[in-house]
There are 2 protein chains.
Amino acid sequence: MKYVIIGGVAGGASTAARLRRMDEKAEIVIFEKGKYISYANCGLPYYIGDVIKDRNKLFVQTASSFSKRFNIDVRVSTEVTRINVPFKTVTARNCQTGEVYEEDFDKLVLAPGAEPVRPPLPGIELEGIFTLRNVTDTDYIKEYITEHKTQRAVVIGAGFIGLEMAENLHHLGVDIHIVEMGPQILAPLDAPVAALVQQHIRTKGVNLHLNSVVTGFGKSEAGALNVLLKDGESIGCDLVILSIGVRPDTRLAAPAGLQLGITGGILVDEYLHTSEPDIYAVGDAIEFTNPITGKPAITYLAGPANKQGRICANNMVLGDIQKYEGSINTAIVKVFDMTVGAAGVPAKHLEKDGIKHIVSTTHSGSHAGYYPGAQQMSIQITFSPDTGQLLGAQVAGYEGVDKRLDVMSSVIKNKGTLFDLCNFEHAYAPPFSSAKDPVNIAGFVAENILQGRLKVIQGKDLRNVEEECFLLDVRTRAEYESGCIPNAVNIPVDELRDRLKEIPVEKKVILYCQIGLRGYLAQRILVQHDFTNVLNLSGGYYLWKICDDEIHCEHTAVC
Amino acid sequence: MKYVIIGGVAGGASTAARLRRMDEKAEIVIFEKGKYISYANCGLPYYIGDVIKDRNKLFVQTASSFSKRFNIDVRVSTEVTRINVPFKTVTARNCQTGEVYEEDFDKLVLAPGAEPVRPPLPGIELEGIFTLRNVTDTDYIKEYITEHKTQRAVVIGAGFIGLEMAENLHHLGVDIHIVEMGPQILAPLDAPVAALVQQHIRTKGVNLHLNSVVTGFGKSEAGALNVLLKDGESIGCDLVILSIGVRPDTRLAAPAGLQLGITGGILVDEYLHTSEPDIYAVGDAIEFTNPITGKPAITYLAGPANKQGRICANNMVLGDIQKYEGSINTAIVKVFDMTVGAAGVPAKHLEKDGIKHIVSTTHSGSHAGYYPGAQQMSIQITFSPDTGQLLGAQVAGYEGVDKRLDVMSSVIKNKGTLFDLCNFEHAYAPPFSSAKDPVNIAGFVAENILQGRLKVIQGKDLRNVEEECFLLDVRTRAEYESGCIPNAVNIPVDELRDRLKEIPVEKKVILYCQIGLRGYLAQRILVQHDFTNVLNLSGGYYLWKICDDEIHCEHTAVC
Ligand SMILES: Cc1cc2nc3c(=O)[nH]c(=O)nc-3n(C[C@H](O)[C@H](O)[C@H](O)COP(=O)(O)OP(=O)(O)OC[C@H]3O[C@@H](n4cnc5c(N)ncnc54)[C@H](O)[C@@H]3O)c2cc1C
Ligand SMILES: Cc1cc2nc3c(=O)[nH]c(=O)nc-3n(C[C@H](O)[C@H](O)[C@H](O)COP(=O)(O)OP(=O)(O)OC[C@H]3O[C@@H](n4cnc5c(N)ncnc54)[C@H](O)[C@@H]3O)c2cc1C
Ligand SMILES: CC(C)(COP(=O)(O)OP(=O)(O)OC[C@H]1O[C@@H](n2cnc3c(N)ncnc32)[C@H](O)[C@@H]1OP(=O)(O)O)[C@@H](O)C(=O)NCCC(=O)NCCS
Ligand SMILES: CC(C)(COP(=O)(O)OP(=O)(O)OC[C@H]1O[C@@H](n2cnc3c(N)ncnc32)[C@H](O)[C@@H]1OP(=O)(O)O)[C@@H](O)C(=O)NCCC(=O)NCCS
């Protein structure tokens, strides 16, 4: 059996390694157009930022170590330029010698990854404007920074890689502007969760421009770059990192007649077949069905690429025995001192897809408050009002964010419910959690909502009802006095039972406290004292304030 | 409705708080024989060790704040001395005034916790010998240490609390001996996982005495304590912490005729009823059914106690609507720089209970190796050979142990399988994990075992087969030369395909590498080249060496 694999990194190399373990006798050829296989794409920003100091660490395997260990024919600097489907061959071109030849296959795997979007803006070809995808890009950027003693950089696009680049350049002492077209950073997050991180970025002295469209690039007489914005402003800098997204690389698949999906990825079935039975595809290039929404999806993540590689190898050797369940897009990023991530489907996408859902936000300590070093984290979950199925989770904070996200991801993946969050039995000792884990708390609150014991209102909906309602701040007087929502009246929760008369029974009462807990307690008291229309602000004053601050930032140029 | 609760800490206070939220109008009375309610039992060792500096932080609520917030009648320093089942009353005694009175109830909740075991050894009443269970114990110990300027302590019992006390006393500069009757620390762990932690403890200069039985205590002329051991030795010290375990406090339940289980706990049904319909019980005192083994079990953990309290309140108010699923004993402890924990059932208990299982040990980096600070962690899982159901997991290491344990716990709780570990979609960026998480790797290896693609042998079984087998070390020459298993022959995996002739086909071949991965690769090569009887050492040389070192320590007095 002869297997040919196009692309030698996350998806391709994983497929090859598993193939060899499954079939010692097979012939396996990898084509990789770049100089390197099996490198750590995800480490590239950190190497640029000198956090990873040794360039060799970026290579999990080299072509030579890989072929030695796995007895695989690894052809680097060799681009496949064409798939000849009827003949079961590919056309390859040695990028160094220019030699062009055909290679036949029994089974072919496409793992070409994604290509960065580089829109045809005026000036985009100017020196100093980079995208980052592979080791060669990295070497160029690093060399450029050293040579030009870069002091000011503009990162265009506030996605995961953009933010990592901003942090790493900042780490090198570079002054940073981040320019993002959308109204928030990190598109897979809902706005309130993004706001938490935006506020953090601003504290680092990074200039964050949201709702800001780049129209082109110029060069000043002194040789500095200029990033031109739609509002007429421009930002001078020495370096531009263009990080506005990627798209599946279908430059081989499309001309070969392989079916593409509506998202533009190579369409695969649940066994990772393309539309041609002997051609499989894995990684950033494929379109599969999102297991939560049932809609076509692409995911640009290393974990899924690696796992798909393993499944693809199993299916090729053993004959389509293992289904790929689809990725739920679990992703995470360190942004300066914060960590933020998501799994499943954000509220805004559920809304767009017309999927019924409830949103709940809670804030908890990363570990027991009495043990030193606990830090607050925020969890936003979305769940089905009918079944309680957990549809999505987003977590932002400092310590232990990755842990809670992983647990949520495991529940979402299993089509579990918020009851699984309530029953989740976490490992508790003071340095690691509290007797009720933040995951449990998220579950309890959601359960209360689902069972009608707690009615919540989202901060964004507060503005529309402010007029007709009685807004009640149940925090302590000191908290209230140091900042509150306009027009709120203060009755601390511990005085509430004695001061019920001060609240108009006929009005809708909107309660809030700092994070939501005391508001919930107050709500339980009120509804059991004949107040029929009581809502509690989800995420409390804490989240409201952050979102409010962000709104004010948006209205000033840079904040 | 009038609810009476006995015990005002984890289980009791949680029940009360949830009760109030469910029923604003109910009468709720808490009896607590100690001076404090709602304190952080789990923080006590850290307060003694000055890690928690402010004593007030130990109190999550005080009697006064709790009664204010929840409108609950909290009676501290009041011991319930008797339950009068037919009359639905309890007899209470105010420990300060001596007043004795009856209090009636509609529903009663027992949350008395556990009592520390204090065996009647000669000299046990000597000053300076303490158990640790509550704030009063803590105050005594702390005062004693300060007054006596304690320099040498013996901790008897190497369970979770014993080790926390050892660490915290060590943190105060105290010289520590740990004396443990059993052959290992932390009884819920299997021996190899315990060995990893034992080695770490020894590096801290703590004297660890395993297989060491305390027969009594004496006092020297100079006033120092002496801990007397069965082997005739004795250890001089200023302070003894007796931490040899706890047992359910049934001092009220038993005379009241409530049914006890075979473990000695108060027997409850799945709704947390005792054998009397209007009496419920929660927390350390109860016996429930372990959901994995189906056997009676007790768990001494704060998370379950808190969750049971909430379920109990739900059931009392809404009428037995929520089943308690039983705890899977997920527990964790920080031991100096290490973290170790377990969920589900260890191999040794599965063995004892006659439950078929396979054991697999893997070692992985806590995050991507190329990103600074990654540290190795070890994962041992047990799973069913028939269904692949995950039965137990133990994790030891440094960073990120709690995360992997929580994910495992979530899978075990859901009666998930090792395939859930393979498919687990973790949040990956370099600071948090690798493209394949340690949980995935544990899953892949288990899957390979289950599907017959990998055959493993455990270190403890190696000794029995050494004679008849060909022991093959597939690490590099340098690794081999710096230490190997006696009688092993070295052929590095990358040379294996060319040196197959050096291996006797007729013999059983036992392979090993450092952690198990290269051994697996080598096994895949051999079995596909007509070697029929090939085993790979689970956990590799790394685990073998640690267990071997521990065996040598056991044969010397202290190591
Ligand atoms: C800077 C950066 C940071 C990232 N950080 C993270 C992270 O923190 N977490 C995460 O989950 N994911 C991260 N990712 C994404 C992750 O790296 C990808 O999802 C993953 O590598 C996709 O695997 P793949 O095999 O599909 O594509 P790739 O790993 O990109 O490999 C595709 C390979 O195919 C080769 N190729 C393409 N066409 C041809 C051809 N015609 N002939 C021969 N070779 C060809 C390419 O040269 C390329 O080397 C990051 C990506 C980048 C660029
Ligand atoms: C030092 C220490 C460290 C710990 N660390 C951890 C950890 O890291 N993680 C973890 O999960 N668990 C830990 N635990 C265990 C955890 O604290 C218990 O599992 C949990 O508190 C049990 O809750 P409970 O309500 O059953 O009992 P408790 O919390 O012990 O409360 C029982 C209360 O009932 C009172 N009482 C008993 N009898 C009567 C009576 N007749 N009348 C009136 N009152 C009575 C007692 O005075 C006591 O205050 C630790 C325990 C200790 C002691
Ligand atoms: C590394 C790479 C070449 C794939 O190689 P791989 O051999 O499949 O992956 P690993 O080295 O992690 O080894 C995993 C294998 O070892 C096995 N293994 C791991 N530890 C083991 C142990 N202790 N005992 C036995 N087997 C073990 C696993 O079961 C798995 O084998 P399987 O797939 O046959 O079940 C490929 O993933 C790659 O190129 N990665 C770098 C690129 C990349 O992923 N970039 C994006 C992220 S930065
Ligand atoms: C604290 C204690 C009194 C229980 O009080 P509690 O009110 O149940 O617990 P918490 O303060 O964590 O609050 C949890 C409640 O607030 C709700 N809540 C938390 N955050 C919320 C938010 N943002 N919005 C709305 N509700 C929220 C939860 O849903 C839960 O209510 P529910 O049980 O009705 O669903 C009790 O657990 C205790 O005494 N603990 C200390 C003793 C102990 O546990 N020791 C062992 C460990 S060291």
Side-chain angles (χ1 to χ4, degrees), chain A residues 10 21 24-25 40 42-43 46 51-52 57-58 68-69 71 301-304 306-307 325 327-328 330-334 341 343 368-372 402-403 405-407 409-411 413-414 416 420 423-433 435-436 440 493-494 497 521 524-525 528-529, chain B residues 10 21 24-25 40 42-43 46 51-52 57-58 68-69 71 301-304 306-307 325 327-328 330-334 341 343 368-372 402-403 405-407 409-411 413-414 416 420 423-433 435-436 440 493-494 497 521 524-525 528-529:
Chain A
R21 290 188 287 265
E24 174 66 15
K25 311 268 161 81
C42 319
Y46 296 96
V51 173
I52 299 170
K57 288 214 164 181
L58 297 175
K68 205 182 219 169
R69 173 147 303 171
N71 186 26
L301 292 165
N306 271 262
K307 283 167 203 161
E325 297 177 345
S327 159
I328 56 164
T330 305
I332 195 165
V333 62
K334 169 171 146 26
Y370 55 79
Y371 187 88
D402 55 332
K403 175 163 80 170
L405 192 60
D406 270 6
V407 172
S409 176
S410 155
V411 173
K413 183 102 192 179
N414 278 317
D420 293 318
N423 295 332
F424 165 55
E425 199 173 325
H426 63 299
Y428 165 53
F432 308 104
S433 184
K436 301 178 195 96
N440 297 135
V493 65
D494 290 342
R497 289 187 182 86
L521 301 181
R524 294 306 303 153
I525 295 172
Q528 294 182 75
H529 281 99
Chain B
R21 291 188 287 265
E24 175 65 15
K25 310 269 160 82
C42 320
Y46 296 97
V51 173
I52 298 171
K57 289 217 163 178
L58 296 176
K68 206 183 217 165
R69 172 147 303 171
N71 185 25
L301 292 166
N306 272 263
K307 282 166 204 163
E325 297 177 344
S327 157
I328 56 164
T330 305
I332 195 165
V333 63
K334 167 169 146 29
Y370 55 80
Y371 186 88
D402 55 333
K403 175 162 82 170
L405 192 60
D406 271 6
V407 172
S409 176
S410 157
V411 174
K413 182 102 190 181
N414 280 317
D420 293 317
N423 294 333
F424 165 55
E425 199 172 326
H426 64 299
Y428 165 53
F432 308 105
S433 183
K436 300 177 196 100
N440 297 135
V493 66
D494 290 343
R497 288 186 182 88
L521 301 181
R524 294 306 302 154
I525 295 172
Q528 293 182 75
H529 280 98

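Here is the naming used below: chain letters follow the sequence lines, and residue numbers restart at 1 for every chain.
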Please determine, among [options], the option with the most heavy-atom pairs under 4.5 Å with chain A.
options                            : value
V333(B), V493(B), V411(B), I328(B) : I328(B)
V51(B), V407(B), L405(B)           : V51(B)
P431(B), A331(B), G341(B), G369(B) : P431(B)

Which heavy atom in [X] sits nearest to a heavy atom in [Y], and how many Å separate them?
X       : Y       : result
D402(A) : K403(B) : OD2-NZ, 2.7 Å
Y428(B) : A302(A) : CE2-CB, 3.7 Å
R497(B) : R69(A)  : NH1-O, 2.8 Å
P372(A) : I52(B)  : CD-CG1, 4.3 Å
C42(B)  : P430(A) : O-CG, 3.2 Å

Using only heavy-atom distances, determine whether the side chains of N440(A) and K307(B) contain a donor-acceptor pair under 3.5 Å.
yes
For K334(B) and F432(A), indicate whether the former's side chain and the latter's backbone hold a donor-acceptor pair under 3.5 Å.
no
Closer than 3.5 angstrom, by distance alone: can the side chain of E24(B) be matched with the main-chain N or O of Q528(A) as a donor-acceptor pair?
no
If I measure from the heavy atoms of chain A, does [X] come under 4.5 Å with its side chain, its backbone, both, or neither?
X       : value
Y371(B) : both
E425(B) : both
K68(B)  : both
D420(B) : side chain
S327(B) : both

Contact part of Y46(A) toward chain B, heavy-atom cut-off under 4.5 Å: side chain, backbone, both or neither?
side chain
Region of E325(A) in contact with chain B, defined by heavy-atom distances below 4.5 Å
side chain
Can you tell which of N306(A), L58(A), N414(A), L301(A) has the highest number of heavy-atom pairs within less than 4.5 Å of chain B?
N306(A)
Compare all side-chain heavy atoms of L521(B) with those of R21(A) and state whether any distance is below 4.5 angstrom.
yes
